Amino acid sequence: MGALPSGPPRGAARGHPAAGGRARALPDGTDNGTHALLGANPAALRFLAEIGARAGWVEPEPDRLPVLDLESGTFLRVALSPLGWWRKEARPPGLDAAGLLALLGAARPGRRVTVSEAFARHPVLLRGFVEPLTLAALNTPPEQAGLRRLGAVLRRMGRPGACRLYVAREGLGPDLVQPALAALAARGVEIRPGDRLRALTVEDGRATALHFAGGTLPVEGGVILATPPWESARLLPGLRVPERHAPILNLHYAHASGGPLRFLGLLGGVGQWVLVRPGAVAVTVSAAAAVLETPLEVLAERVWREVRRAALAARLPGGWPEALPAWRAVKEQRATPLHSVDQPAPPPVLPLPNLALAGDWMEPLLPATIEAATRSGLRAAAALARALPKAAAR
């Protein structure tokens, strides 16, 4: 393989050696993947503003999203927002009156079918718009993905400004993780990375102690447990958590385009989303279980050819040689729950009177994203704030 150059109360945050979870910077400062936010993610955008990081998230494609259909060779510029579809050249492939009605129907809550079943009569629209959206938002193949969660995404997309796409200008480290850590430190929070939570003690139905690798921390007030579902189930036996997960593969290439930040879509290939920074290129492959059966060396070559074709079609600046540059693969084997039709509902936010659960998997309707993680944290803090005074009164 080629190698790239390498207002809470006082408390303690301990766990993974690197902050950020599944939206983190790697040790050399690059991102683990091509994370993006939409204007339809108000909780995440407000969080960025609160930690002083909002200005670092910019729009790489403020007009329309460049998309290359690798099978037909057609280069498209698609409006993400329905408000832009009045222009025929900006519409997604296959979007006609019947397709629009299908999208409106999919946005209605309550339908327990897969995405593929809902759009079976609209194969062009499914391939050219619905499937890429499903993979990006749900990280689940459309033939498995439950329409209910995609419908929640579609309902948000109709709002003005909801489809404006943002990425971190410098990367997740300087534009998310570091500002968040600084905001926590300013509020007196002690960060102890790498100190795994091994167990917690529950007495009389309440959490009374947290046992870390570095020692035991008595619980004097409340606890927000923001751990992955499998860790939450280990710490709280019997907790209902998602059991099936889907991987994401990210391929990073050392390539100096010299141009501005760009974001491109791919249809009909291995890669799906391409983030071009002045000194590197990152490609995301969501719902990557089948793709990962192919050797990484083969995938890296294939995806670079796709990137090169898209870059040339979009007339991106800089040389785009055929030779494979230095590269690295980052695999998140359990990146998100599998958002299937039969995905179980999350457990109660307060499984114990003084312990609240948080994490992207705790979102009852939206798929597991940065927005879902942010909403879950707010929900957990609010639930705990309501519960603790009642417990103290007793």
Side-chain angles (χ1 to χ4, degrees), residues 34 36 60-61 63-80 84-85 87-96 98-100 102-103 106 114-145 150 165 246-251 253 255 262-276 281-316 320-324 327 329:
T34 54
E61 306 298 336
D63 181 20
R64 289 177 283 167
L65 182 68
V67 177
L68 176 65
D69 188 328
L70 292 159
E71 292 183 1
S72 67
T74 304
F75 184 73
L76 309 167
R77 294 186 61 83
V78 179
L80 294 179
W85 294 346
R87 293 182 295 177
K88 184 176 181 180
E89 68 275 12
R91 294 173 192 163
L95 183 68
D96 51 17
L100 183 58
L103 286 173
T114 67
V115 171
S116 288
E117 289 171 339
F119 289 92
R121 296 183 179 180
H122 309 277
V124 178
L125 181 63
L126 175 62
R127 177 183 179 273
F129 180 74
V130 176
E131 180 173 351
L133 178 62
T134 302
L135 292 173
L138 276 66
N139 190 36
T140 303
E143 60 271 16
Q144 294 178 281
L150 181 65
L165 185 144
I248 292 178
L249 170 67
N250 290 283
L251 290 163
Y253 299 93
H255 175 73
R262 297 299 303 271
F263 196 90
L264 293 78
L266 300 172
L267 289 177
V270 176
Q272 296 150 5
W273 306 106
V274 181
L275 177 59
V276 180
V281 177
V283 184
T284 292
V285 184
S286 297
V291 170
L292 287 172
E293 296 176 1
T294 302
L296 290 176
E297 292 78 7
V298 175
L299 290 175
E301 288 270 10
R302 188 177 303 167
V303 171
W304 177 250
R305 290 196 296 269
E306 296 174 357
V307 169
R308 181 175 182 273
R309 285 184 60 189
L312 294 176
R315 298 181 179 179
L316 299 189
W320 293 88
E322 294 185 14
L324 178 68
W327 62 278

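Owing to the predicted nature of the structure, the values given are computational and were not obtained by experimental measurement.
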Using the side chain to side chain contact (heavy atoms under 4.5 Å, CB included) criterion, which residues pair with [X]? Sequence neighbours excluded.
X    : result
E322 : R308
L80  : L65, C163, L165
E71  : D69, R127
V270 : V285, V291, L299, R302, V303, E306

Inset, instruction - Using the side-chain hydrogen bond (donor to acceptor under 3.5 Å, both in side chains) rule, collect all pairs that involve residues 130-143, keeping only residues at least two apart or in two chains. - result: N139-T336
Inset, instruction - Report the C-alpha distance between L292 and L249 in whole Å, list the side-chain angles of each, state the deciding distance to 0.1 Å, and finish with yes or no for side chain to side chain contact (heavy atoms under 4.5 Å, CB included). - result: CA-CA 8 Å; L292 287 172; L249 170 67; 4.0 Å; yes
Gap separating the [atom1] atom of [X] from the [atom2] atom of [Y], nearest 0.5 angstrom:
X    : Y    : atom1 : atom2 : result
T34  : I248 : OG1   : CD1   : 8.0 Å
L264 : E61  : CG    : CD    : 6.0 Å
E301 : L324 : CD    : CG    : 4.5 Å
W327 : E297 : CH2   : CD    : 5.0 Å

With sequence neighbours excluded, tell me which residues meet side-chain hydrogen bond (donor to acceptor under 3.5 Å, both in side chains) with [X].
X    : answer
S116 : none
T74  : S72
R309 : none
E89  : none

Minimum heavy-atom distance between [X] and [Y], given as atom pair plus value:
X    : Y    : result
Q272 : S286 : OE1-N, 2.7 Å
Y253 : A300 : OH-O, 2.8 Å
W273 : P132 : CZ2-O, 3.8 Å
A323 : W304 : O-NE1, 3.4 Å
A90  : G84  : CB-O, 3.6 Å

Inset, instruction - Evaluate the side chain to side chain contact (heavy atoms under 4.5 Å, CB included) criterion for residues V130 and L103: first the C-alpha distance (whole Å), next the side-chain angles of each, then the deciding distance (0.1 Å), finally the verdict. - result: CA-CA 9 Å; V130 176; L103 286 173; 4.0 Å; yes
Legend entry - Those residues that, when tested against R87, pass salt bridge (Lys or Arg N to Asp or Glu O under 4.0 Å) (two or more places apart): D63
Legend entry - Beyond-backbone contact of L266 with L70, side-chain heavy atoms, under 4.5 angstrom: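 Answer yes - side chains close enough.
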Inset, instruction - Please report the C-alpha distance between T284 and L135 in whole Å, then the side-chain angles of each, then the deciding distance to 0.1 Å, and finally whether the side chain to side chain contact (heavy atoms under 4.5 Å, CB included) criterion is met. - result: CA-CA 10 Å; T284 292; L135 292 173; over 6 Å; no
Legend entry - Backbone N/O of P141 and side chain of Q144: donor-acceptor pair under 3.5 Å: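 Flag not set: sc Q144 to bb P141 has no pair under 3.5 Å.
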Inset, instruction - Output all residues satisfying ring-ring contact (aromatic ring centres under 6.0 Å, His included) with F129, sequence neighbours left out; order by chain, then residue number. - result: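 Residues passing ring-ring contact (aromatic ring centres under 6.0 Å, His included) with F129: W85.
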